[in-house]
Amino acid sequence: MEVAVKRSGGFAGLTKQWRAEPAQADAPAWIELITRCPWDAPTEAEAEAADGVGGDGGPDSVDGAAGAPVRLASAGPGADRFVWWIQARCGEDEQREAELPDDELIGAWRELVDAVRDWSRAAG
C-alpha cells in the first residue's frame, strides 16, 4: 500500500511531496481513508461545465486514458492557489488518482492528505 501527495503552485510556485507506505497492520485504517474519498466525483469546474455553466469545451472537458476522469483545477480567481495531486495504490491492481484545486481539498480528501503528511513527517 502506498499513498502519494504532491502540492504545486502557491505564491512561490514550489512543489512539495509526501508519501506514506503504511505497514500491513495499519492497512484497514488507510483503506477506509482512501475509500471515503470521492475519486470519481467531478470537480466543481467539471460539474459546472456539465451543467453548461462556463463550459466551453476547453481544457475542463479532457478525458484521461480509457475514459477515466481527469480532475483539473478550477479556473476561478486566485492564481497563487495550490493544486493537489493524490495517488493511492492498495495493491497491484487497484490504483486511483485525482487532481484537485485547493478549494476542493475538504472532508475526506483533507483527512487523507493530512494523514499522508503526518505519516511522512513521522517516518522522515
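Note that these values count all heavy atoms, side chains included, but never hydrogens, waters or copies made by symmetry.
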Under 3.5 Å, sequence neighbours excluded: what are the donor-acceptor pairs made by side chains of residues 117-124?
none

Next on the checklist: Measuring from atom CD1 of Ile31 to atom SG of Cys90, what distance do you get when rounded to the nearest 0.5 angstrom?
Outcome noted: 5.5 Å
Checklist outcome for this item: By side chain to side chain donor-acceptor pair (under 3.5 Å), Gln17 pairs with (sequence neighbours left out) none
Next on the checklist: Pair Val83, Glu99 - check side chain to side chain contact (heavy atoms under 4.5 Å, CB included), show working.
Outcome noted: CA-CA 7 Å; Val83 175; Glu99 186 175 316; 3.6 Å; yes
Checklist entry - Could you give all pairs that pass the side chain to side chain donor-acceptor pair (under 3.5 Å) test and reach residues 26-38, with sequence neighbours left out? => result Arg36-Glu111
Next on the checklist: What's the separation between atom CZ in Phe82 and atom OG1 in Thr15, rounded to the nearest 0.5 Å?
Outcome noted: 10.0 Å
Next on the checklist: Please report the interatomic distance CH2(Trp109) to CG(Leu33), rounded to the nearest 0.5 Å.
Outcome noted: 11.5 Å
Next on the checklist: Can you give me the closest heavy-atom contact between Cys37 and Ala108, atom names plus distance?
Outcome noted: SG-O, 3.5 Å
Next on the checklist: Once rounded to the nearest 0.5 Å, what's the spacing between atom CG of Leu112 and atom CD1 of Ile86?
Outcome noted: 6.0 Å
Checklist entry - What orientation do Trp18 and Trp84 show, parallel under 30°, tilted 30 to 60°, or perpendicular over 60°? => result parallel
Checklist outcome for this item: Separation between NZ (Lys16) and OG (Ser8), nearest 0.5 Å, reads 13.0 Å
Item to check | In one Ile/Leu/Val/Met/Phe/Trp/Tyr side-chain cluster, 4.5 Å: Trp85, Val116 | outcome: no
Item to check | Listed once per pair and sorted, the salt bridge (Lys or Arg N to Asp or Glu O under 4.0 Å) pairs that draw on residues 1-11, sequence neighbours left out | outcome: Glu2-Arg19, Glu2-Arg89
